[in-house]
Amino acid sequence: MSDMPLEEFRKNGHQLVDWIAEYLKDIEKYPALSKVNPNDIFKRIPETPPQNGEELENVLIDVDKILMDGITHWNHPGFMAYFNSTSSGPGILAELLTAGLGINGMLWKTSPAFTELEKAMMNWFRQMVGLPKNYWGIIYDTASTSSMHAIASAREQLSLGFREKGMAGREDIPKLKMYCSEHAHSSIEKGAVTLGIGLEGIRKIPVNKNFEMIPKELERAIVEDLLEGSKPFCVVATVGTTSTTSVDPVEEVANICEKHKLWLHIDAAYAGVTAMIPEMKWITKGWERTDSIVINPHKWMFTPMDLSIYFTRKPEILKQAFSLVPEYLKTDQDDEVENLMDYGIQLGRRFRALKLWFVIRYFGVEGLASRIKNHISLAKEFAGWIDDEKDFERMAPVPFSTVCFRANPGDKSEKELNDLNEKLLEKINSSGKIFLSHTKLNGKFVIRLTIGSIRQERKHIEEAWQIIKNNGTLMTQI
Ligand SMILES: Cc1ncc(COP(=O)(O)O)c(C=O)c1O
């Protein structure tokens, strides 16, 4: 009744590492975007579980036979959709070690090295992005979770007894209001929904022509809500919005937050890592005035899913909101150490800091920064190709590595252009060589290309442009 014999484990482990190495070597043989139909993969898997065990080698064979058709290859250099987070060698190996160690860092005592490595990595990463020493960091799974904790902290800071009394059925509390731009990520709304603020508790502030929040509109909305008797409590500014990667004017937003005593949270999930690059320091303007900020190494720092970093100047408020210690989790060291379970909704925690340690040490800060910088310059080059092509049009500035564009032969209505670009995107993606995603900007269907993969080189961007241009030219002639 024991585990897999260690010799077998060793043999299968080597086989698995070889499989991954071959996969990464041959990744361009696969179509970037899976072509299966809904349920195709499910139908290949037996309806009932096996009663008796079998060799792991069989399972590995079935990874190829059953699953691979249904994998959309985020590691493929032609994957230029969404924010194309990719894993890297050191990150993948660290994930294996994480599972091997199998620790749970709920308390300092349940693995001192877990808590202390996370603390050390937060100290490193804080310096890498240039945040002052008074920022305290913690690792969560995703930016959605990080931002939810920011909103929860903002709510807790009001000291309206939410922790004890909740929010439902209370007539003694005003309607809470929070603010973000029209281009903020949907995770902010989800956070508000989760925390009882509700979608009606969020005001979406209009943006300027560059898709950046207009501070005057923010101020106007806050004053309007105050006059109505609502309680503004939190503003989310985005540094690198999801559709266009626009940057909200943090400094001006911070002025407004300070004036009205509102919690300021920055969502820099995608673009925050660029603060490592000296030329990109401009994005950090005003960061030292924010109450909290989220940056995701799993979006653009070659760290396998998932790893989101949350920094705050006010960890004591986070703890006040979430710490709840049942008898069985009390330890002798509670007065001397940080127990990470006190700083969020989860008790058990994966050892994510390990992969951050591996990735930062393997590439070094300069190695990471130079790769990210290269992506930015490739994106600028691609944007230049769009600008120079008469049947194409760029739809937003390119501060980072994402380019929004569409085909526009100049003789079509907006409706026809939307249809044309939707079809163009379908055609491009059906090539299997690249995978791009889309967004809508002011009602216009826009194609989005993001560069952020550790395996992307100039030749991949050139090849993508050829595919886009050829298909675009064919379609605009119809
Ligand atoms: C700006 C921004 N914030 C938050 C998120 C959510 O990220 P996660 O998947 O880590 O929750 C995204 C996802 O693309 C994003 O673009």
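No experiment lies behind these values; they were computed from the predicted model shown. Numbers for residues simply follow the sequence, beginning at 1. Ligands are counted one by one from 1 in listed order, and the atoms in each one are counted from 1 as well. No hydrogens, no waters, no symmetry mates; every other heavy atom, side chains included, goes into these values.
- Note on E463 versus K459: no salt bridge recorded, every NZ/NE/NH1/NH2 to OD/OE distance being 4.0 Å or above.
- Looking only at distances, no side-chain donor or acceptor of R394 sits under 3.5 Å from a matching main-chain atom of D387.
- Side-chain contact between K380 and I376 is present, with heavy atoms from C-beta onward closer than 4.5 Å.
- For Y270, the closest heavy-atom approach to ligand 1 does not fall below 4.0 Å.
- The backbone and the side chain of S144 each have at least one atom closer than 4.0 Å to an atom of ligand 1 (non-hydrogen atoms only).
- Neither side chain, R371 nor N374, offers a donor N or O lying under 3.5 Å from an acceptor on the other.
- With respect to the salt-bridge test (charged N to carboxylate O, under 4.0 angstrom), the residues E338 and K319 do not qualify.
- Of all the listed residues (K299, M305, H298), K299 holds the heavy atom that lies closest to atom 14 (O) of ligand 1.
- Close approach to S187 involves these atoms of ligand 1, each under 4.0 Å from a residue heavy atom: 4 (C).
- Of all atoms in ligand 1, listed by their number and element, those nearer than 4.0 Å to a heavy atom of G240 are 1 (C).
- The heavy-atom pair separating N75 from S453 by the smallest distance is O-OG, 4.3 Å.
- Of all protein heavy atoms, the one lying nearest to atom 3 (N) of ligand 1 is D267 OD2, 2.6 Å.
- For the ligand labelled ligand 1, residue T241 lies outside the 4.0 Å heavy-atom shell.
- The only option from F125, Y310, F311, Y343 that meets the ring pair (Phe, Tyr, Trp, His ring centres under 6.0 Å) definition with W136 turns out to be Y343.
- Looking from atom 15 (C) of ligand 1 to the surrounding protein, the closest heavy atom is T242 OG1, 3.3 Å.
- The aromatic rings of H375 and W300 lie parallel to each other, their planes meeting at an angle below 30°, with 60° marking the opposite boundary.
- Counting heavy atoms closer than 4.0 Å to ligand 1, residue T142 contributes atoms from both its backbone and its side chain.
- At a 4.0 Å heavy-atom cut-off, ligand 1 touches F83 through the side chain alone.
- Distances between N or O atoms of N296 and those of ligand 1 include at least one value under 3.5 Å.
- Distances from ligand 1 to the non-hydrogen atoms of S308 include no value under 4.0 Å.
- A salt bridge (Lys or Arg N to Asp or Glu O under 4.0 Å) with E118 is found for exactly one of R349, K355, R352, namely R349.
- Of all atoms in ligand 1, numbered sequentially from 1 with element shown, those under 4.0 Å from a heavy atom of A269 are 2 (C), 3 (N), 4 (C).
- Annotation: cation-pi pair R126/Y135 absent, no NZ/CZ under 6.0 Å from the ring centroid and within 45° of its normal.
- With hydrogens left out, the protein atom closest to atom 8 (P) of ligand 1 is A143 N, 3.6 Å, a heavy atom.
- With respect to atom 6 (C) of ligand 1, the closest heavy atom belonging to the protein is H185 CE1, 3.3 Å.
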